[in-house]
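Note sheet for the following structure.
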Amino acid sequence: MSTETDRIEQIATQEYKYGFVTEVDTDVAPPGLNEDVIRMLSAKKNEPEFMLEWRLKAYRHWLTMVEPTWANVHYPAIDYQAIRYYAAPRMKPKGPDSLDEVDKEILRTYEKLGISLEEQKRLTGVAVDAVFDSVSVATTFKDKLAGLGIIFCSFSEAVQQHPELIKKYLGSVVPYSDNFFATLNSAVFSDGSFCYIPKGVRCPMELSTYFRINTADVGQFERTLIVAEEGSYVSYLEGCTAPIRDTNQLHAAVVELVALDDATIKYSTVQNWYPGDKEGRGGIYNFVTKRGKCVGARSKISWTQVETGSAITWKYPGCILQGDDSIGEFYSVAVVNNLQQADTGTKMIHIGKNTRSTIVSKGISAGRGQNSYRGLVKILKKASGARNYSQCDSLLIGDKCGAHTFPYLEVSNSSSQVEHEASTSKISDDQLFYCRQRGIKSEDAVNMIVNGYCKEVFKQLPMEFAVEAQKLLGVSLEGSVG
Amino acid sequence: MLKIRGLRASVGGKEILKGVDMAVNAGEVHAIMGPNGSGKSTLAHVLAGREGYVVTGGEVVYEGKNLLELAPELRAREGVFLAFQYPVEIPGVSNTYFLKASLNEIRKHRGLEELDAVDFLSLVRQKLKIVDIDQDLLNRPVNAGFSGGEKKRNEIFQMAVLEPRLAILDETDSGLDIDALRTIAGGVNKLRSSDKAIMVVTHYQRLLHYIVPDFVHVLLDGRIVKSGGKELALELEEKGYDWVQEEVGAQSR
Ligand SMILES: Nc1ncnc2c1ncn2[C@@H]1O[C@H](COP(=O)(O)OP(=O)(O)O)[C@@H](O)[C@H]1O
Ligand SMILES: [Mg+2]
């Protein structure tokens, strides 16, 4: 009977507003993957021997692995030989020392995306590392941070400047053999961000990496490593966009976080990769491994993610709670519209005593989107007094979409407490009509309801980001109702 | 203000309104009475523009405009307000936030400046007294977990804030105890004015002791079969709907 529902089915024709391509002179590798490509890549980056060895070890291991199929997502087989594993805007061999050396087109790209790399103009206290295709093109506020002993630079630079730290921590949370995509990343990762907060330092500004895929057929494989020494604090933001293309592009990143005694790392993502068009053509495959290790006692790692983009999202930011009394948190909003698919959730591994974890997952499905929450809470034998609270909510807009929940629980300790709550709700025609009868049009009503539903997660985000996330959600759901 | 002529409407392929005629002028209160299932809520929903109610004939002119052409939100902004028989819950959206958004949409439409949080709250404080609504309810999500009576109160509170030109109250009295009924009716009476009209849809006459109508219409099987002054409500109270039914039957025989 309801035409509200019919309209809900007239799916978004809203265009992805970040879908432009930047014309820059780019140095790209030919498609294909073999040991020579890896050697070439490592040589271009002038990497020390240990790095190349690590890559090759990963590559050889990867050859023995098969792509996972357990996730509730469907896509045609990826031809790994058709992907280019390296693309970089041509610059002076050493990489940019100042913004003057960065291609003007690239700077303009970031301006268009609302990110000014000209730090002097920035009033907001956010330091940005901009990654364009495979390479970090600029890092702002570096000097100011260096004064506090904070290292914030591109991964490549860290390999050159701080090899001892890289050697110590690379792969310490996500080993090179971890899973198919992480292992591929370990072999071919191009760049990413590195961040080190020394003992007792509270990082005075938000650190941020902004990822941008530009070149066609390029796989983006970045790696982020954040190390927080004893008693330190850092809040880190990650944003992503890509041009509109009608072929799929692979993004297989790895993020490793290490928190020592009493350290806190807050990691927020607003993921807005190109989701594909309304027929499901194109879009990014976002297959990402993110994991944090609370190595020290009383340390804390908190993941907040707002996932609006990508054709397919496959990611489970997790925490290994090794230190006693350590805390892991996961706050997530995942939106799928049109033909998007998301299989996302978290893993909380309780090892230390009195470790605590909180999971708040808010899935939103519209159009013909399919959204799955997959979460593992594992409490090991030694983790006495461990506690977990999980809340998984699904919101459906229209009746062609789906929500699925796969909670896994492995408890080997009888003194631990685990609590799980789940709900599924639907934005009903009655709700929309009620709003419209009060003068609020359907689209605004949906935004209002969705924002209300996501409040708990948004309040975890830094202010500016929360506003952006709210807007993004509005855009992602545009056209999902009348 | 409102002219309904020969209005026919069906729901799910079934004709419910079979030619409704009535005229409402500014300043008037009209009661629409009728047994359950006679089409009262259908009439209210058709006027408000609920999707799924298909108008198959007739016309509705509101303030000189073809009301049936307007999207529901535009009707609301033009001053048509429906107090729902079953107000829906909207979890996660605070009552005040919702009402502020609503009021500002209406104000924008009328070329007025939007109210900021401070002005809005002082307006709310002023209106709170009209229906004696618990302030706690304002911070809770819209209707979520409200009792039946609280939901009805909230509807009238919204009406007080939004100041509609034409308010349609659908069974606002149902499920209320006598004290609540008195307060709500008192609230509605305070909102009566020479430039506003109210349509009170009710199954029982008891509300009409408190909100005294200027006109009473009896809706029976999708038609208004009898209209009169407030004394018609009393007559109905005494003789029941069967009486009208018989009378109408006798006439058509
Ligand atoms: N959504 C609907 N689908 C089918 N029939 C409906 C629907 N809504 C109302 N009706 C029918 O329309 C008739 C009038 O209903 P309604 O207008 O709610 O009456 P009232 O408010 O006078 O009790 C009833 O027979 C009812 O069953
Ligand atoms: Mg009714």
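We name chains A, B, ... by the order of the sequence lines, and we start the count at 1 in each one.
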Heavy-atom side-chain proximity of [X] to [Y] below 4.5 angstrom:
X: B/Leu74; Y: A/Lys441; answer: no
X: A/Cys435; Y: B/Ile90; answer: yes
X: A/Ile440; Y: B/Phe98; answer: yes

Q) Minimum heavy-atom separation for A/Arg436 to B/Ala71, with atom names? A) NH2-CB, 4.0 Å
Q) What heavy-atom pair brings A/Asp444 and B/Glu105 nearest, and what distance separates the two atoms? A) OD2-OE2, 3.8 Å
For [Y], is there any backbone N or O sitting under 3.5 Å from a side-chain donor or acceptor partner on [X]?
X: A/Arg438; Y: B/Leu82; answer: yes
X: A/Gln431; Y: B/Val88; answer: no
X: B/Ser102; Y: A/Gly439; answer: no
X: B/Glu51; Y: A/Phe433; answer: no

[X] versus chain A, the contacting section by heavy-atom distance below 4.5 Å:
X: B/Asn104; answer: neither
X: B/Gln158; answer: side chain
X: B/Pro164; answer: neither

Could you tell me whether [X] atom [atom1] has more than 12 heavy atoms of other residues or ligands within 6.0 Å of it?
X: B/Arg107; atom1: CZ; result: yes
X: A/Lys347; atom1: NZ; result: no
X: B/Arg77; atom1: CZ; result: yes
X: B/Tyr97; atom1: OH; result: no
X: B/Lys18; atom1: NZ; result: yes

Q: Go through B/Val80, B/Ile106, B/Val54, B/Leu162 and name the one with the most non-hydrogen pairs under 4.5 angstrom from chain A.
A: B/Val80
Q. Stepwise, does the side chain to side chain contact (heavy atoms under 4.5 Å, CB included) test hold for B/Val142 with A/Tyr434?
A. CA-CA 11 Å; B/Val142 181; A/Tyr434 189 82; 4.1 Å; yes
Q) CZ of B/Arg50 to CD of A/Gln437: how many Å apart, nearest 0.5 Å? A) 11.5 Å
(Q) Rounded at 0.5 Å granularity, tell me how far OG in A/Ser442 sits from CD in B/Glu73. (A) 6.0 Å
